[in-house]
Number of protein chains: 4
Amino acid sequence: MRKVKAAVITKPGEIKIQEFPYPSVKESDMLVKMEMSGICGTDKHTYKGELRQYAGTAAEEDIPLPIIPGHEDVGVVAEIGKQAKKNLEFYGRELKEGDRVVICPDIICGRCWYCRHIAAYPWCENIKTYGVTISCKTPPHLFGGWAEYMYVTSDTFVFKVPPEIPPRIAVLTEPLVVTYHFDKAKEFYSLGGEGFGTGDTVLIQGTGPLGLCHIIKARIMGAGQIIAIDKSEYRLKLARDFGADITINVEKTTEKERIEKVKALTDARGVDLVVECVGIPEVVREGIEMLRKGGMYFEVGNYVETGTVSLSPHRHMLAKSIRLIGMTNHPYTGYGPTLKLIERYLHTIPFERIVTHQYKIEDAEDAILKSMQAESMKVVIVP
Amino acid sequence: MRKVKAAVITKPGEIKIQEFPYPSVKESDMLVKMEMSGICGTDKHTYKGELRQYAGTAAEEDIPLPIIPGHEDVGVVAEIGKQAKKNLEFYGRELKEGDRVVICPDIICGRCWYCRHIAAYPWCENIKTYGVTISCKTPPHLFGGWAEYMYVTSDTFVFKVPPEIPPRIAVLTEPLVVTYHFDKAKEFYSLGGEGFGTGDTVLIQGTGPLGLCHIIKARIMGAGQIIAIDKSEYRLKLARDFGADITINVEKTTEKERIEKVKALTDARGVDLVVECVGIPEVVREGIEMLRKGGMYFEVGNYVETGTVSLSPHRHMLAKSIRLIGMTNHPYTGYGPTLKLIERYLHTIPFERIVTHQYKIEDAEDAILKSMQAESMKVVIVP
Amino acid sequence: MRKVKAAVITKPGEIKIQEFPYPSVKESDMLVKMEMSGICGTDKHTYKGELRQYAGTAAEEDIPLPIIPGHEDVGVVAEIGKQAKKNLEFYGRELKEGDRVVICPDIICGRCWYCRHIAAYPWCENIKTYGVTISCKTPPHLFGGWAEYMYVTSDTFVFKVPPEIPPRIAVLTEPLVVTYHFDKAKEFYSLGGEGFGTGDTVLIQGTGPLGLCHIIKARIMGAGQIIAIDKSEYRLKLARDFGADITINVEKTTEKERIEKVKALTDARGVDLVVECVGIPEVVREGIEMLRKGGMYFEVGNYVETGTVSLSPHRHMLAKSIRLIGMTNHPYTGYGPTLKLIERYLHTIPFERIVTHQYKIEDAEDAILKSMQAESMKVVIVP
Amino acid sequence: MRKVKAAVITKPGEIKIQEFPYPSVKESDMLVKMEMSGICGTDKHTYKGELRQYAGTAAEEDIPLPIIPGHEDVGVVAEIGKQAKKNLEFYGRELKEGDRVVICPDIICGRCWYCRHIAAYPWCENIKTYGVTISCKTPPHLFGGWAEYMYVTSDTFVFKVPPEIPPRIAVLTEPLVVTYHFDKAKEFYSLGGEGFGTGDTVLIQGTGPLGLCHIIKARIMGAGQIIAIDKSEYRLKLARDFGADITINVEKTTEKERIEKVKALTDARGVDLVVECVGIPEVVREGIEMLRKGGMYFEVGNYVETGTVSLSPHRHMLAKSIRLIGMTNHPYTGYGPTLKLIERYLHTIPFERIVTHQYKIEDAEDAILKSMQAESMKVVIVP
């Protein structure tokens with residue numbers, strides 16, 4: 001009997017390579033031969049045993065190990081059911097064996113209050129997420145991207161990839177969709193004063209893959225000055241290459257110096273928008289201090305329970321006239337537009353430089369360790 | 001020589017009745033014979049020596065005592081300069097002796113970056129506020145409402161009061177303008193999901209005068225269920241009388257019980273909007289816990305530096321998909337519409353019940369002590 | 001064999017009473033015993049042979065007669081399939097025989113670009129509408145409300161009616177949902193200047209049932225002055241009773257007089273919002289002339305192809321800084337909140353006065369003729 | 001006595017070169033030595049005698065000839081009063097002789113209802129516009145840019161030009177500010193569906209200077225496919241060079257073919273946004289036909305009374321769910337950000353190619369005739 005190899009987080013700190021039965025594919029479903037699956041902060045959290053992750057789980061539950069990680073997924077259709085051919089692609093385009101697809105990891109119920117009332121964002125009360133919250137205990141097991149094959153059910157949002165986009169770039173679709181925060185910021189826009197205006201100053205806290213994607217998107221959308229902060233010179237170099245005007249190294253500055261520098265760069269006012277992509281509670285306060293009155297703060301980084309930060313309701317909220325927006329999840333409606341944007345900028349933005357390291361399934365543990373080092377950008381698993 | 005009597009906060013905890021020279025009025029200015037001046041939380045803070053108040057001051061300065069308090073002001077024109085007659089009223093209506101006016105306390109420079117770019121809200125870098133930040137040391141001294149007369153300079157926003165509105169109700173204009181948060185929430189509106197939708201559930205933390213004004217406004221704007229929380233049964237009674245459907249007494253419940261009760265009232269989701277009108281840091285966390293995913297939190301109460309609150313960036317921001325809006329100041333463009341609203345609801349909303357206690361200038365200290373007691377709603381000074 | 005009686009528009013100008021076989025109900029579907037079904041402008045258009053109705057049809061198709069009209073429907077569950085019991089209600093509430101329900105007439109495909117990207121509004125490319133675009137030729141035939149029973153398929157949005165709301169009021173749910181234009185206007189809101197601000201002036205052109213519902217909703221949402229225009233004194237009387245401050249009779253005024261009157265009522269500026277509920281092209285120009293610069297115009301009335309109006313791009317668009325919003329359809333997410341609003345205002349708004357005439361199925365033609373007369377408000381069919 | 005030379009439109013179709021006395025400069029004002037002044041559609045209209053121009057005039061008045069045209073102005077400070085040095089620059093930066101400035105042509109009263117309530121846009125009831133509505137009859141006469149000197153009064157919005165921006169590019173500031181429509185579109189944004197989303201399809205009707213500026217801005221802001229329509233191959237070539245993906249020549253196609261082509265380019269849906277920069281009423285209907293349901297139409301081109309267009313309220317408004325936005329004027333708050341944007345893109349966008357023809361004051365009539373020809377882009381007067 002044919003077997004499928006996968007990397008499995010069996011318990012905190014342990015990744016095992018396991019084999020699962022090659023599944024039979026239902027009429028409504030499909031099987032994808034994986035080409036590439038990215039490592040995201042969420043995977044690191046799961047590996048480290050930080051299992052309280054609301055974003056992709058119901059409010060009060062932990063991640064149900066064992067899990068095949070991998071939710072930034074690109075592959076080609078290996079087998080597909082008759083109904084799935086017609087129904088599975090998000091925009092109703094027919095799918096056939098060999099088509100390259102990216103898979104939105106979030107599956108929503110479509111029937112809870114949030115699904116009924118909230119557009120685009122999967123705030124579903126019954127959300128499941130491939131590679132994050134669906135255990136591989138239950139058949140057909142293959143519910144994550146760090147595997148030779150991934151089993152995709154009929155309630156999944158699947159997107160055809162334009163032929164010009166190679167897997168190495170298509171694998172970035174998911175984190176690029178996360179940057180729809182900036183489009184979200186437009187909903188709060190008022191001419192000249194709030195939200196994301198053309199030419200507005202943007203500060204990115206943390207220039208790992210997610211921060212880098214935000215720099216790219218901010219630049220595409222007509223940002224003015226982009227300031228990036230990180231502790232790694234390796235990452236800050238990439239930040240500058242992708243559009244940051246100014247970078248500040250956390251290791252070489254005090255918090256006070258950083259705040260002063262940002263004020264000095266912005267006529268003493270502070271920046272218009274901050275995006276938090278670090279995932280450490282304390283940086284929230286630092287970032288708010290760097291914001292101008294009426295500025296917008298996007299909390300994107302703390303995807304798992306990481307502890308608390310002390311804020312003054314007077315100083316950091318009221319007197320700052322802050323607009324603080326928590327961004328859990330990414331909008332499934334962003335996949336189509338993002339793939340088009342990638343296509344448009346394929347030859348002017350060096351997306352291919354973002355994937356800095358590739359590992360085989362067998363080396364998944366090395367991969368996750370590498371992804372935790374500052375001397376890496378996006379690390380991927382290539383089955 | 002004629003004298004003008006005023007109550008003066010001379011130092012923390014001390015109010016003295018002083019006399020100032022009756023001023024001569026410039027061509028561009030006017031003198032208002034005060035009819036009524038409300039006591040606001042800010043006045044209590046100043047009295048208690050909590051002098052770090054950004055809302056009405058430049059960022060890093062304390063309130064410059066001595067001060068004649070009083071920024072919720074209504075009176076009649078006593079003397080007015082020739083130019084002021086034509087220019088001083090906000091909408092260009094001519095002013096003459098005897099006209100009743102309310103005075104927006106905030107004076108903006110009109111030339112800083114915020115004045116140039118931000119509409120309606122006085123986020124001015126050089127803001128001055130009658131009754132709050134303008135010392136009575138400098139002539140003509142009379143820069144607050146707890147006095148027989150108030151001196152109004154040419155850069156002030158002044159509004160004629162419709163003749164049907166008596167002083168006892170006109171004195172509420174300022175706190176009612178503060179409730180423009182709810183109109184602000186519309187800027188964030190998206191159909192069915194965010195901002196302030198018709199029928200949305202609103203929670204008011206703290207039902208002092210400001211909280212009560214929010215209840216009134218929420219009801220006018222088509223709110224659904226309104227829940228109010230306070231420690232005073234006296235105030236909660238008034239909250240119910242003015243439109244709250246459910247009230248919760250802090251003294252009779254634990255935080256856990258309150259959160260559970262709010263969840264129980266909202267299909268286990270939490271409310272759509274919370275307005276914080278208490279002014280204690282800890283209640284921010286409680287209020288956020290009561291919010292649904294994607295709900296809106298207005299921080300309105302902590303007008304002075306009151307300390308900090310511990311928040312989890314994951315639990316209280318990201319996973320909550322919070323929209324937390326700090327609201328310093330109130331929009332001067334809200335005075336005109338608010339006076340019209342008062343006129344419209346004059347006979348259906350019992351505004352006159354909001355002013356529960358009136359004191360003479362000489363009894364200003366008694367007044368401020370009364371306003372700190374739970375058994376009062378709006379306390380005013382009547383010269 | 002048991003028969004079901006229904007009124008059928010067989011060809012323009014002809015309504016026949018026909019009998020259809022009592023259907024067998026699928027596991028996923030249900031059969032509703034009709035209590036009341038309203039007559040809407042759309043029904044009159046279909047009766048008059050104005051069959052080009054984009055709102056509820058694909059762009060270039062006519063209404064496929066024969067049709068059982070009736071898309072403002074309330075009834076009780078007569079039979080319901082096992083799956084439908086669990087799945088059919090919009091919010092997932094269990095349904096059983098005897099439950100009162102309202103039925104959103106629009107059925108969407110969920111898979112076209114519009115369904116994928118547009119929230120709440122059924123701009124579906126494959127939309128079908130009960131009582132409007134689904135012919136009764138095909139079994140089980142009963143796809144409109146002017147019948148003893150209505151067959152409801154699994155892809156329908158069905159809403160449980162709170163027990164306090166009688167059929168005579170529940171039948172108004174659909175037109176009240178149409179008024180979500182006003183909530184839509186909030187998306188365009190900017191403080192003090194655009195969209196629907198608290199206290200804004202609203203003009204309703206046409207005070208038939210739809211116009212009346214807009215008056216009710218505007219009042220609930222905190223509108224300022226409401227002006228209503230119609231040719232029928234009977235209807236204008238109702239408009240005043242439900243919240244209009246000023247009414248203007250078209251029969252007693254010239255267009256020039258009406259425009260001048262509206263200007264006179266609004267400090268010579270014009271109103272903030274206009275809602276067109278007449279359905280005659282020319283009134284669009286008149287309404288725009290009554291709007292202030294930057295005002296909002298909602299085109300709601302011309303649900304069928306009614307001809308053209310001449311507009312000056314300079315005078316009526318550019319120089320007016322108009323925000324003209326076409327509103328086809330109503331949002332299915334508005335049903336839940338609307339039913340809650342009705343419940344809240346059940347004892348303060350005399351909803352029951354809106355239904356002025358009731359007819360039996362057999363008298364459907366009389367009913368539709370009555371609904372075309374000015375001396376009626378909402379006319380309904382009561383099986 | 002020293003004289004100042006200027007080109008004057010004395011009556012329709014007549015431009016005379018006249019001399020005016022060199023003015024004495026008040027303490028609050030300044031005199032600018034003109035470097036360059038662009039020719040705009042408005043100037044052509046005035047020259048042709050189309051004098052009903054609401055945008056820069058009170059509603060029912062004609063342009064008061066004689067006029068020195070020129071409202072796209074850049075020059076250097078020649079003389080400046082003591083107060084003006086401190087007060088005249090928009091952001092409070094000190095001005096001195098020799099500083100390069102651009103001058104927002106619109107002067108607002110600051111006191112009418114629109115000035116009080118509307119942010120950024122000069123919808124002032126008492127608006128005056130240099131080069132458009134201020135006659136040169138009254139001293140100091142020099143109220144337009146086609147002159148050696150221009151007299152700038154204290155109520156003008158003046159902006160310092162960064163030293164890297166040469167006059168040839170600075171002269172484009174005004175038309176680039178007009179493109180703030182796209183930022184305006186963000187106010188209407190809802191994720192995935194309305195307003196200007198990243199990657200959205202944009203259609204520009206008319207690729208004269210204003211259309212070209214819109215192409216540039218759309219590209220800067222992350223537009224997807226940009227389609228441009230014009231009758232001039234010369235202009236369409238420039239449109240492509242500046243970012244249009246597809247151009248359609250009106251002379252080589254029928255309206256039906258153009259509509260079909262645009263539909264074919266957009267999955268049969270139509271474009272997301274259209275900007276009308278032609279100034280002919282009929283193109284409004286064509287543009288609306290090219291829009292998708294729920295798309296946004298910006299009417300920018302018909303700055304003067306040009307006649308009417310026939311629209312079907314059903315087909316072009318309601319069933320289209322159109323958002324039609326009239327854009328008179330440009331926001332004075334856009335000058336600062338636009339100058340920063342120009343600076344940022346100075347070396348990647350070939351702005352200097354937009355000015356294709358330069359004329360002396362003496363040749364102003366030739367200049368205006370040239371600007372009416374398709375074989376020109378921005379034509380400027382260089383004193």
Side-chain angles (χ1 to χ4, degrees), chain C residues 52-55 59 113-114 116-119 121 123 125 187-195 197 267-269 276 279-285 292-294 297 299-329, chain D residues 52-55 59 113-114 116-119 121 123 125 187-195 197 267-269 276 279-285 292-294 297 299-329:
Chain C
R52 179 60 51 104
Q53 304 172 7
Y54 294 177
W113 187 88
Y114 288 105
R116 288 305 202 184
H117 282 279
I118 301 296
Y121 275 89
W123 293 353
E125 292 169 8
E187 297 191 8
F188 303 87
Y189 183 76
S190 76
L191 200 108
E194 299 185 47
D267 297 331
R269 267 199 311 278
E276 192 283 293
I280 297 171
E282 270 67 33
V283 307
V284 173
R285 190 178 49 237
R292 74 159 166 87
K293 193 183 275 196
Y297 192 88
E299 170 48 33
V300 181
N302 287 282
Y303 256 73
V304 301
E305 186 53 78
T306 45
T308 60
V309 60
S310 260
L311 296 175
S312 155
H314 175 63
R315 179 175 171 77
H316 297 117
M317 298 176 185
L318 182 136
K320 181 67 81 178
S321 288
I322 199 171
R323 286 80 178 91
L324 190 158
I325 311 295
M327 300 300 287
T328 187
N329 309 116
Chain D
R52 180 57 52 102
Q53 302 173 8
Y54 293 177
W113 187 89
Y114 288 105
R116 288 304 201 185
H117 282 279
I118 300 297
Y121 275 90
W123 292 353
E125 291 170 7
E187 296 189 8
F188 305 87
Y189 182 76
S190 76
L191 202 108
E194 300 186 49
D267 298 330
R269 266 200 311 279
E276 192 283 293
I280 297 170
E282 270 69 31
V283 307
V284 172
R285 190 178 49 237
R292 73 161 166 85
K293 193 184 275 197
Y297 192 88
E299 170 48 33
V300 181
N302 287 283
Y303 256 75
V304 302
E305 186 52 78
T306 46
T308 61
V309 60
S310 260
L311 296 175
S312 155
H314 175 62
R315 180 174 171 78
H316 297 117
M317 298 176 186
L318 182 138
K320 180 67 80 179
S321 288
I322 198 171
R323 284 83 177 91
L324 189 157
I325 311 294
M327 300 299 288
T328 187
N329 310 116

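Fair warning: this is a prediction, and the values are worked out from it, not measured in the lab. Order of the sequence lines sets the chain letters (A, B, ...), proteins ahead of strands, with each chain counted from 1.
Interface residue Tyr114(D): only side-chain heavy atoms are found under 4.5 Å from chain C. If you measure heavy-atom distances from Val309(C) to chain D, the contacts under 4.5 Å come from both the backbone and the side chain.
Each of Ser310(C), Ser321(C), Gly301(C) has some count of heavy-atom pairs under 4.5 Å with chain D, and the biggest count is that of Ser321(C). Ranking Arg323(D), Glu276(D), Arg269(D) against chain C, the residue ahead of the rest is Arg269(D), based on heavy-atom pairs under 4.5 Å.
Among residues two or more places apart in sequence or in another chain, the side chain to side chain donor-acceptor pair (under 3.5 Å) test is passed with Thr308(D) by none. For Arg116(D), the salt bridge (Lys or Arg N to Asp or Glu O under 4.0 Å) criterion is met by no residue, not counting sequence neighbours.
Taken to the nearest 0.5 Å, the CH2 atom of Trp113(C) stands 11.5 Å off from the NZ atom of Lys293(D).
Across all non-hydrogen atoms, the minimal contact from Leu318(D) to Thr328(C) is O-CB, 3.2 Å. Here the closest non-hydrogen pair linking Glu299(C) and Met317(D) is CG-CB, 3.8 Å. Between Pro313(D) and Gly307(C), the shortest heavy-atom distance links the atoms CD-O, 3.4 Å.
The backbone N or O of Gly294(C) sits nowhere less than 3.5 Å from a side-chain atom of Tyr121(D) that would complete a donor-acceptor pair.
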